[in-house]
Amino acid sequence: MPVPDPSDDPLSRERAHLTHSRAALRSMREDVESLDIRDVTANWVNAEVLSRQIEERVKALADLSHTPLFFGRLDYLHSPGADQAEGAEGERFYIGRRHVHDADGDPMVIDWRAPVSQPFYRASKKNPLDIALRRRFGYTGGDLTAYEDEHLSDPADSAGDAATSKLLQQEIERPRVGPMRDIVATIQPEQDEIVRSGLGGSVCVQGGPGTGKTAVGLHRVAYLLYAHRDRLARTGTLVIGPNASFLHYIEQVLPALGELEVKQATVDDLVAHVEVRGTDEAPAAVIKGDARMAEVLRRAVRSHVTMPVEPVMVVRGSRRWRVPAYELEVIVRELLDRDIRYGAAREALPQRIAHAVLVQMERSGEAPDDRVQDAVARNTAVKAAVKSLWPPVEPAKLVLRLLSDADFLATHAEGLLTEDEQKTILWARPVRSVKSAKWAAADAVLIDEATDLVQRTHSLGHVVLDEAQDLSPMQYRAVGRRCTTGSATVLGDLAQGTTPWATRSWEEALTHLGKGDAVVEELTAGFRVPTDVITYASRLLPHIAPGLTPVASVRENPGFFEVRPATADSGDTAATMATEVVAACEELLRNEGSVGLIAADARVPLLAEALAAAGLPHLGPGEETTLTTRLTLVPASLAKGLEYDYVVLDEPRAVVDGEPDERTGLRRLYVSLTRAVSGLIVTHAAPLPSQLAEGAGAL
C-alpha cells in the first residue's frame, strides 16, 4: 500500500481508506453476484450446489453498517517474512473482520486471523514483533471517529501500552444492548494464544465470570475455519450451549465474522431420540448421569448375543453345506472379542458364516467368488441364524427394559450399582411402550449411549462445549462421541456448576469426554464484570470452589454497586420488596444499555406482575432487547452465560434456598451476581447469606 503524504490529516486519511475499502467490498460482492454459471455446470445438481455456494459467499461479503470494516492498523518495520506472499519493507496492514482487496487484487483489509495480523494481538513494548506502530480505531456506529497510536519499537515513547489504551477500554466497557458481539478488536494476548491453538489438539478453558471464555471459544472456531477451511467443510463444526436462550444470545457472533455454516445445539438437542416429557428427582438423575451406566448399558446390549446350539444348513442347488455349532460359536466369540459396535458385528456375522461355507466349497473342488459369498450370506438359513444368535437391538426399548425390569437391571448392574441405587432409578410403574414412556432428560442420554453401542455416532471436525461444568459424565460421553476423530474446545468455570452432578475437576471431565490429553488453560483477567462487583461476588469462592484463582477485573471504571436492604418496617414485605425492585429497575433504565432483573425462579411471577403494574415492559431470557424495551426478567436458573449492562438482583437468600443444597445455591448466587457489565443493585428483605453478609454495605 502506498504511504500517504504525512502532511494530510491522519483521521481524514483513515476515513478515506474506510470509504475505499467499503467500495472494494461492494465490488467484491457484485462480482460474485454477477457470476454466470449456466455454462459451467454439468447438471441441475451441480448448478444447485454452486448456486448455494455463491449465495453463502454473497452473505459472507455483506457490509454490516454497524460493524467496523477494520479496527486496527499495523506498520511493520520490515517485511513480515520471506514466506509471506504480501509484504515489502515498511508495509502497512489494516486489520479487520474479513479480507478485502481492490480491483488489482491488492489487500485493503487483512483478515484478523491471517498470520500477518497476529502481532496486533501479541506485540508489546517488551516484544514488538517488528511492529513500528499499532493503531487502534474508534467508531460511533459505523463512522470512524478516533484513533490511538502505540509506537512499539520506539524506546523514547513510553506511552501507548495496550493495557492503558483508552479506545481498548472504551470498546470493552461499551454498553451491551442486543445479542452478544464479537471481541475481535479487543482480544488479549493470553486469549489469542488459545484462539490460535492448532486443530489437532483439544483445549479446556477454565475462566471466571467476564474473562471472555465464551468469546474465546467462538473466535477459536472462526480461526480454525480460516486455517483449515477445506477439512472442516468436510467434517463440520458445532457449538454446544446450555440452553436455547444462551444459543440465541451468541448466535450472531460467528456470522459477524463471516462464518455462516457453524451449527448450534444443546446437549438435549444432540440426544433427542425420544420426546422428553418427564423429570427426574436429583438422586435418580445423578445415578443415570454416572459413568458407570455406560458399562451397564454395554452389558445389556451384549446380553442379546447367544451361543449356537444347532448347526446352520445351507442348501445351494443339489448340495448342502453344514456349518457346525462349534464353528459358529468360534465366529460369534471372535466378533465379541473384537468389541466392535453391536450393529457392525451383526452385519459382519452373515459374511463370516458365508465364508465358512465357501471354505468347504473350495475344499470340495469348487471355485466360488465374492458373488457366491454374498448369495450365501443372504440365504434364508443364514439370515435365520443371525436373527437367533445376534438379534437386532432397539436402544430405546433396551433402556425402557433396564428402567422398568428390576431383574434385568440387577443382572447387568451387578457390581456396578448398589441395590439402593438400582431402586432409585427404577420406574415406579411398568411402562408398556417407548412412546407412552415419560422420558426424562437423563434417559435420553442413556438412549444415546445405547445407540452408539449399536451404531457408531458421526464425528465432527471440531466441537465447542460451553458451560461444560454443568454436564454429567454421561453427557460428556455424548458430546465426546461427536468429536472422536476431531478436537474440542471446552469452556467453563468450576465455581459456576449448579447441577447436582456438576464437574469436580477438569481432568475427570476431559477423561469422560475422551480428551484426556487436552491442555487446560486458565483465564483470570476479567473484562466484563466491574471491580467492585467481582470483588463482592468472590467472597463466595472459598465456599463453592476453594483453590480457584479469583477474577481480577481490568476495567478502569469500578462500576456502580450497592446493596439495598428493605426500608419497610412492617406490612406486606413481599409487596414492599416488589415495589423497591421496580424502583431499582426504573433507576437503572435511566442509563444507556440493557438491564437484567434476576430473581429466584419462584419469585419471577410476583415480579412480573409488579413490573406490569408499574407499566414497565420487559422481555424473557434470550429475547432481543430494543431501544424501547431494555429490561429483561431472568429466572436465576437461566442467568448463566448472559450479560447485561446493569443488573438488579432480587433476594439473594431466595436464590440460594431455591436449590436442593446450600453449595449449589451459593454457586447459583455467584452466577447471578456476576452478570453485570456496568452496575449492580442487590435488593433484599431476608438476611443475606452469611458468606456475603460481612461488610455488605455499598463498597
Side-chain angles (χ1 to χ4, degrees), residues 236 238-244 247 263-280 284-304 339-346 392-404 408-409 412-413 416-417 425 427 431 433-435 437-460 463-468 470-486 488 490 499 501 503 509-515:
L238 175 67
V239 174
I240 302 174
N243 52 58
L247 292 176
K263 305 300 182 183
Q264 293 188 164
T266 65
V267 173
D268 290 343
D269 294 333
L270 298 181
V271 300
H273 304 284
V274 292
E275 182 183 359
V276 174
R277 297 184 295 139
T279 57
D280 277 324
V286 169
I287 297 169
K288 290 178 181 179
D290 194 289
R292 293 174 293 168
M293 290 300 299
E295 179 60 21
V296 174
L297 288 165
R298 178 179 173 276
R299 292 178 183 179
V301 168
R302 290 167 66 93
S303 72
H304 289 74
D339 201 24
I340 58 177
R341 295 297 194 282
Y342 185 92
R346 187 173 189 275
V393 170
E394 294 185 32
K397 287 186 176 180
L398 176 78
V399 175
L400 177 67
R401 187 178 177 190
L402 274 174
L403 297 178
S404 58
F408 188 67
L409 177 61
H412 303 299
L416 294 171
L417 303 180
I425 64 173
W427 288 339
V431 180
S433 68
V434 170
K435 289 186 177 181
K438 287 191 175 181
W439 298 104
D443 301 329
V445 179
L446 296 179
I447 295 172
D448 190 70
E449 179 83 26
T451 301
D452 186 70
L453 289 168
V454 175
Q455 200 72 38
R456 183 182 298 276
T457 304
H458 173 68
S459 175
L460 300 166
V463 170
V464 174
L465 175 60
D466 206 351
E467 300 295 350
D470 279 330
L471 267 61
S472 70
M474 292 298 285
Q475 287 176 316
Y476 277 115
R477 291 176 61 88
V479 174
R481 286 191 281 280
R482 271 76 185 178
C483 55
T484 50
T485 59
V490 180
T499 56
W501 48 82
T503 301
L510 292 169
T511 299
H512 294 311
L513 190 69
K515 304 295 180 185

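Any value given below was found using the heavy atoms of this structure, including those in side chains, with hydrogens, waters and symmetry copies removed.
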Considering all heavy atoms of both residues, which atom of [X] and which atom of [Y] are nearest to each other, and what is their separation?
X    : Y    : value
V399 : A450 : CG2-CB, 4.3 Å
V274 : A396 : CG1-CB, 4.3 Å
L460 : G236 : CB-O, 3.6 Å
G343 : Q455 : CA-OE1, 4.2 Å
V276 : A440 : CG1-C, 3.8 Å
C483 : A488 : SG-CB, 4.1 Å

State which residues pass salt bridge (charged side-chain N to carboxylate O under 4.0 Å, His left out) with K397; sequence neighbours excluded, sorted by chain then number.
-> E394
Chi angles and distances behind the side chain to side chain contact (heavy atoms under 4.5 Å, CB included) call for V464, I240 | CA-CA 6 Å; V464 174; I240 302 174; over 6 Å; no
Could you give me the CA-CA distance, side-chain angles and deciding distance for K288 and L403, then say whether side chain to side chain contact (heavy atoms under 4.5 Å, CB included) is met?
-> CA-CA 10 Å; K288 290 178 181 179; L403 297 178; 4.1 Å; yes
Under 3.5 Å, sequence neighbours excluded: what are the donor-acceptor pairs made by side chains of residues 474-481?
from: Q475; atom 1: OE1; to: S472; atom 2: N; distance (Å): 2.8
from: Y476; atom 1: OH; to: A468; atom 2: O; distance (Å): 2.6
from: Y476; atom 1: OH; to: T503; atom 2: OG1; distance (Å): 2.7
from: R477; atom 1: NE; to: E449; atom 2: OE1; distance (Å): 3.1
from: R477; atom 1: NE; to: E449; atom 2: OE2; distance (Å): 3.3
from: R477; atom 1: NH2; to: E449; atom 2: OE2; distance (Å): 2.7
from: R481; atom 1: NE; to: D448; atom 2: OD2; distance (Å): 3.2
from: R481; atom 1: NH1; to: E449; atom 2: OE1; distance (Å): 2.6
from: R481; atom 1: NH2; to: D448; atom 2: OD2; distance (Å): 2.7

Residues forming a ring-ring contact (aromatic ring centres under 6.0 Å, His included) with H512, sequence neighbours excluded =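 Result, ring-ring contact (aromatic ring centres under 6.0 Å, His included) vs H512: none returned.
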Can you tell me if [X] uses its side chain to pair, donor with acceptor, with the backbone of [Y] under 3.5 Å?
X    : Y    : answer
S404 : V431 : no
R292 : L416 : yes
K515 : V490 : no
R346 : V393 : no

Residues L465, L471; criterion side chain to side chain contact (heavy atoms under 4.5 Å, CB included); working and verdict = CA-CA 10 Å; L465 175 60; L471 267 61; 3.8 Å; yes
With side chains defined as the heavy atoms from C-beta onward, is the minimum distance between [X] and [Y] less than 4.5 Å?
X    : Y    : value
F408 : L398 : yes
P395 : I447 : yes
D443 : W427 : yes
L238 : L270 : yes

Can you list the residues that meet the side chain to side chain contact (heavy atoms under 4.5 Å, CB included) rule with [X], with sequence neighbours excluded?
X    : value
R298 : E295, R302, D339, L453
I287 : L417, E421, T424, I425
T499 : D470, W501, A502
L247 : I250, Q264, T266

I would like to know whether R456 and R341 meet side chain to side chain contact (heavy atoms under 4.5 Å, CB included); could you show each step before the answer?
-> CA-CA 7 Å; R456 183 182 298 276; R341 295 297 194 282; 3.5 Å; yes
Under the side-chain hydrogen bond (donor to acceptor under 3.5 Å, both in side chains) rule, collect the residues that match up with T457, sequence neighbours excluded.
->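 With neighbours one apart ignored, the set is D452.
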